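What follows is one structure encoded as structure tokens, with my remarks underneath.
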Amino acid sequence: MKYLRPLLAITVAMTFLLGLNVALRPVELQPTATPHCKEVVATTASGTVTSSSCDSELASRVSGLVDESVAGVADILDISWSRRVEVVIPATDEELVALVGPAFADMAGIAIRDGDVQRVVINRVRAAPLTPLELRVLLRHEITHVATRDLTSDSAPLWLVEGFADWVAFHGLGLSLRQAAPLLTSDVSALPVEFSGPRRDLAYQQAYSIMVYLESRLGERGVVDFFLRNAALSAVDPAAVDVAGWREFLRSSIG
């Protein structure tokens with residue numbers, strides 16, 4: 001696999017904002033069953049995976065990755081959180097829409113808050129074709145949102161929230177910046193803000209690259225501290241990231 005991003009392009013879009021919206025309108029978790037399939041709940045050491053028996057292959061793959069994904073996030077984020085995750089794989093498109101809303105039903109994975117409970121919702125159609133590596137990235141990204149949600153301001157910028165979740169998700173995979181973010185160029189003059197529309201995928205990859213740049217300057221612990229220090233603020237000083245330094249880093253990393 002040369003690049004992860006083309007297949008994951010719709011995976012992470014707007015997951016954090018969606019979590020905020022769902023928090024304002026809790027929904028009752030619908031049964032993941034159809035007239036021909038039964039609801040199945042798989043329990044792991046670090047959570048549960050609720051699915052339909054008709055989606056047993058995908059559910060098995062997800063269940064096999066939950067514990068290592070939670071552990072991977074926890075190894076990087078030494079903060080207080082449950083270190084557990086509830087994953088739901090809706091059995092039908094109608095159930096998926098009921099959980100996440102129609103605007104987000106085409107995404108592979110979404111972190112939502114339903115009252116006091118935070119869940120990761122997996123779109124079975126979008127997630128089924130993902131490779132094990134891609135599915136691992138998806139889960140770790142969404143679990144990062146779950147872990148950091150209570151520490152993050154509702155108005156935190158998406159370049160910080162989504163960039164950090166991607167940085168955690170890709171951590172330790174051994175992929176180059178070009179492999180993980182194939183749309184990147186060094187032509188940057190400001191922090192990304194267009195996280196919807198035709199430039200959405202590029203914005204996410206730029207956000208990820210900011211975290212990689214910060215790691216080159218601050219180290220792994222420094223990136224975590226940077227996120228925790230700024231995510232709780234109602235607004236982040238744009239000068240917190242040296243855009244000129246980021247641009248030079250991109251030039252040296254990807255040309």
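As the structure is a computational prediction, the values presented were derived from the model and not from experiment.
The OG atom of Ser216 lies 13.0 Å from the CH2 atom of Trp246; values are rounded to the nearest 0.5 Å. Distance check: Arg178 CZ to Ser253 OG gives 10.0 Å after rounding to the nearest 0.5 Å. For the atom pair OG (Ser209) and CZ (Phe249), the distance works out to 7.5 Å, reported to the nearest 0.5 Å. From Thr50, atom OG1 reaches atom CG of Asp55 across 12.5 Å, with rounding to the nearest 0.5 Å. Atom CZ of Arg149 sits about 5.0 Å away from atom CG of Asp154, to the nearest 0.5 Å.
The cluster map of Ile, Leu, Val, Met, Phe, Trp and Tyr, joined by side-chain heavy atoms under 4.5 Å apart, puts Leu58 and Val125 in different clusters. No single ILVMFWY cluster, assembled from side-chain heavy atoms under 4.5 Å apart, contains both Ile210 and Leu183. Under the 4.5 Å side-chain heavy-atom criterion for ILVMFWY residues, no single connected hydrophobic cluster contains both Tyr213 and Leu202.
Taking both residues in full, the closest heavy atoms of Ala169 and Leu173 are given as O-CD1, 4.0 Å, listed atom of the first, atom of the second, then distance. Of all heavy-atom pairs between Arg140 and Val73, the closest is O-CG2, 3.7 Å. Minimum interatomic distance between Ser69 and Ile143 (heavy atoms only, all atoms of both residues): CB-CD1, 3.7 Å. Of all the heavy atoms in Ala108 and Ala127, the pair that sits closest is O-CB, 4.3 Å. Minimum heavy-atom separation, Val117 to Glu86: CG1-OE1, 3.7 Å. Nearest heavy atom pair, residue Leu250 against residue Leu184, reads CD2-CD1, 4.1 Å.
Side-chain atoms of His141 and Glu162 form a donor-acceptor pair, as typed in the model, at a separation below 3.5 Å. Under 3.5 Å, the side chains of Trp167 and Glu215 contain a donor-acceptor pair of N or O atoms.
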Point to revise | Evaluation steps, side-chain hydrogen bond (donor to acceptor under 3.5 Å, both in side chains), between Glu220 and His171 | key: CA-CA 10 Å; Glu220 179 181 311; His171 188 272; 2.8 Å; yes

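Around atom CG of Asp237, more than 12 heavy atoms belonging to other residues, nucleotides or ligands sit under 6.0 Å away. By the 6.0 Å contact criterion, CZ on Arg229 is enclosed, its count of non-hydrogen atoms from other residues, nucleotides or ligands being greater than 12.
Looking only at side-chain heavy atoms (C-beta outward), Leu228 and Leu151 come within less than 4.5 Å of each other. Side-chain contact between Val41 and Val49 is absent, with no heavy atoms from C-beta onward closer than 4.5 Å.
Of the possible polar contacts, one joining the Glu142 side chain to the Ala111 backbone as a donor-acceptor pair under 3.5 Å is found. Side chain of Asn230 to main chain of Phe226: a donor-acceptor pair is present (N/O by atom type, distance under 3.5 Å, no hydrogens or angles). Although no hydrogens or angles enter the test, the distance criterion places no donor-acceptor pair under 3.5 Å between the side chain of Glu68 and the main chain of Leu65.
Under the side-chain contact (heavy atoms from CB on, under 4.5 Å) criterion, Arg247 pairs with Val188, Val243, Ala244, Arg251, not counting sequence neighbours. Residues forming a side-chain contact (heavy atoms from CB on, under 4.5 Å) with Ser252 (at least two apart in sequence, or on another chain): none. Residues satisfying the side-chain contact (heavy atoms from CB on, under 4.5 Å) criterion with Asp67, sequence neighbours excluded, are Thr44, Ala45, Ser46.
Ring planes of Tyr204 and Phe195: perpendicular class, angle over 60° (limits at 30 and 60°).
Between Asp150 and Arg113 a salt bridge is recorded (basic side-chain N to carboxylate O distance below 4.0 Å).
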